[in-house]
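Below is one structure, written out as structure tokens; comments come after it.
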Amino acid sequence: MKQRADEALRASMDTLVGDMGMLTGLTVCYGTGEDAVTHSTGLRQEVLYDGGFVEAPLPIASDTIYDIASLTKVFTLVSVLQLMERGQIREGDDIAALDPRFLHLEGCSVADTLSYLACLKTPERVDAQADAATAEYMVFQTRQVPHEGERLYSDMNALVLKYVVAAVSGMSFWDYLQRHVLAPAGMQETWARVPAARARDLMNYNYEHRIMKGAYSLIGDAQPGSPHDPKARLLGTDRDPVSGHAGLFATAGDMVRFAQALLTGRLIKRESLQNIGINRTGYLLKDGSYRQFLGQLVFTRSPIQRFSEVPEWMGLRAFGISGYTGNHFALDPDRGVFDLILGNRCHNRLSQVMPAEDSAALGLSDNGSGSVSWPDGRQVRSSFGFIHQKDRMLHNPVRDCMLARGWLKP
């Protein structure tokens, strides 16, 4: 029964990567605090550019290093919760009092920042600044603004809290992570700057294609080893190379160790873990839509599964978060299980179409798969719509695998 369930999961992964072509490569991990299973398929790199695109296939291996993108926010969250457990930070503390560089965040509490009840904006885009110094200056100009619409999730809350962790602990954020998160979890293959000797193991997220309002664009500056996120790429310095919202690189094995360290209480107390996924923001709006359901820097269960980052079979205190590069992390503290996806939807793929209605005219299928003809004559496969395939093709097969192993009760 276990074998059949795992075979079904692998077949679904192969369909996403091979038949539908939504990802160049994919790793799925699932497990408990003590046991875990990992499956991989596909490539960590398809092409390189040398006066033109040339085939350069490299397979995913057990030592492949992934840009975990927004999953970095969970590391920031754990850091804040650790400082709260030690009494160095309180939920009601003012951000400006903890780090006076945030002079415009007087009256903005840690609790509201963690829960996205504080909507944070900068006067200008951080990633539009000329260099790291001016980008960091812009971060310190962050201010709280009124909420508009149903969307609350933002990179800025975790980015601000990274500086709070550094200010309160008296350490750089990266030093704090190494000492208080990575070391206790046994994570020896997680970096802000990947060592040169491991560069060959990096997943390649470069050459992302987009069609925005009819304009075709190709992103070629996300070189392996540099964060795909432009803010994290710009803000990284030798003094503190990792941002709070993105910027970490890790192997699948280390991400499994992180999940298991959370489940077994090696990083934060069980009470803190159970508190993360409690909804703090979501409710029904007057127009019949729902405001986003968010916990502490992560998503909680939502009445509309399409808008939820939590697998539909997880419990009421589960939480989830996705990363732009194709990753997903979900954990259920009550059932004691985790579900981890490490994929690549950016490399050599059409990742965005705006407006979404244009996808049909481009010849893409209803689920966003297929390929489009690029102006240079290449056929580019599409990852547009991948986010809406995860429940059916990955999370639900993972549930079946856990049931077959007795890690979940029917």
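On a predicted model such as this, the values are computed, not experimentally measured, just so you know. Sequence positions, counted from 1, serve as the residue numbers for this chain.
Here ring-ring contact (aromatic ring centres under 6.0 Å, His included) pairs that include residues 1-28, with residues two or more places apart or in two chains, number zero.
Residues satisfying the side-chain contact (heavy atoms from CB on, under 4.5 Å) test with Leu285, not counting sequence neighbours, are Glu150, Tyr283, Asp287, Ser289, Arg291. Shown here are the side-chain contact (heavy atoms from CB on, under 4.5 Å) partners of Thr237, two or more places apart in sequence or in another chain: Ala132, Arg239, Asp240. Among residues two or more places apart in sequence or in another chain, the ring-ring contact (aromatic ring centres under 6.0 Å, His included) test is passed with Phe384 by none. Shown here are the ring-ring contact (aromatic ring centres under 6.0 Å, His included) partners of Tyr153, two or more places apart in sequence or in another chain: Tyr116, Phe299.
For Arg405 and Trp407, the positive end sits near the middle of the six-membered ring, less than 6.0 Å away and at most 45° from its axis. Judged by the 6.0 Å and 45° rule, Arg345 forms a cation-pi pair with Tyr324.
With Gln45 as the partner, the side-chain hydrogen bond (donor to acceptor under 3.5 Å, both in side chains) test is satisfied by one option alone out of Asn204, Asn206, Asn344: Asn204. His209 pairs in a side-chain hydrogen bond (donor to acceptor under 3.5 Å, both in side chains) with only one of the listed residues (Arg378, His347, Gln352, Arg381), which is Arg378.
At least one side-chain heavy atom of Arg143 sits under 4.5 Å from a side-chain heavy atom of Pro123. Between Tyr290 and Phe307, every side-chain heavy-atom pair lies at or beyond the 4.5 Å cut-off. Considering only heavy atoms from C-beta on, Thr325 stays 4.5 Å or farther from Tyr66 through its side chain. In this structure the side chain of Arg349 reaches within 4.5 angstrom of the side chain of Thr24, judged on heavy atoms. At a threshold of 4.5 Å between non-hydrogen side-chain atoms, the residues Arg257 and Asp254 count as touching.
Closest approach of Arg198 and Trp191 over heavy atoms only: NH1-CH2, 3.5 Å.
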Check: residues 308-318 side-chain donor-acceptor pairs under 3.5 Å, at least two apart:
| from | atom 1 | to | atom 2 | distance (Å) |
| --- | --- | --- | --- | --- |
| Ser308 | OG | Val310 | N | 3.0 |
| Ser308 | OG | Val310 | O | 3.4 |
| Glu309 | OE1 | His328 | ND1 | 3.4 |
| Glu309 | OE2 | Ser322 | OG | 3.1 |
| Glu312 | OE2 | Asn396 | ND2 | 3.0 |
| Trp313 | NE1 | His395 | O | 3.0 |
| Arg317 | NE | Asp334 | OD1 | 3.4 |
| Arg317 | NE | Asp334 | OD2 | 3.1 |
| Arg317 | NH2 | Asp334 | OD1 | 3.1 |

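The aromatic rings of Phe258 and Phe329 sit tilted, their planes meeting at an angle between 30° and 60°.
The ring of Phe53 has its center closer than 6.0 angstrom to the ring center of Tyr207.
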